[in-house]
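To start, the structure under review is shown below, and the notes come after it.
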Amino acid sequence: MYIAGVCAHAHHGAPSPPCTPQVRLASLQALGHVYKAFDEIKDLTPVRHFTERFESRLLSMIKDVDDSVAVEAIRLVTRLQACHHPECI
């Protein structure tokens, strides 16, 4: 799954699958829905480890070569910073 950094890393020595802007955008959008669901119940604990592990990847996507991906990454990171939970970036 791209959200977990498939495009950034090879999987068990095999080349990563193609990582198109559409894949990156869809991944960020899906991740946004996950964070929104946990934020609505006021408990981001289940996604805390994921957030900590992939924080640098999420932040790096702000500089994506595709503007739509960069904008979505900014939205996601901004939402995480504004959620006022210790688990947020």
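Values below: all heavy atoms of this structure, side chains included; hydrogens, waters and symmetry mates excluded. Here, residue 1 is the first one in the sequence, and each next residue gets the next number.
Residue Leu28 comes nearest to Ala73 through the heavy atom pair CD1-N, 3.7 Å, listed as atom of the first residue, atom of the second, then distance. Shown here for Val69 and Leu25, the closest heavy-atom pair between the two residues is CG2-N, 3.9 Å.
Side-chain contact check for Glu72 versus Leu76: every heavy-atom pair is 4.5 Å or farther apart.
The CZ atom of Phe54 sits 7.5 Å away from the NE2 atom of His49 when rounded to the nearest 0.5 Å. Separation of atoms CD1 (Ile74) and CG (Leu58) is listed at 12.5 Å; rounding is to 0.5 Å. Note that CE of Met61 and OG of Ser27 are 6.5 Å apart. Values are rounded to the nearest 0.5 Å. To the nearest 0.5 Å, atoms CG (Leu59) and CG (Leu80) are separated by 9.5 Å. If you take OG1 on Thr51 and CZ on Phe38, they are separated by 10.0 Å, rounding to the nearest 0.5 Å.
Among Arg75, Arg79, Gln81, the single residue meeting the side chain to side chain contact (heavy atoms under 4.5 Å, CB included) criterion with Val77 is Gln81.
Salt-bridge formation is not detected for the pair Asp66/Arg24: no Lys NZ or Arg NE/NH1/NH2 atom is positioned less than 4.0 Å from an Asp or Glu carboxylate oxygen.
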Subject >> Val34 vs Phe50, side-chain contact (heavy atoms from CB on, under 4.5 Å): CA-CA, chis, key distance, verdict >> reply: CA-CA 11 Å; Val34 170; Phe50 178 90; over 6 Å; no
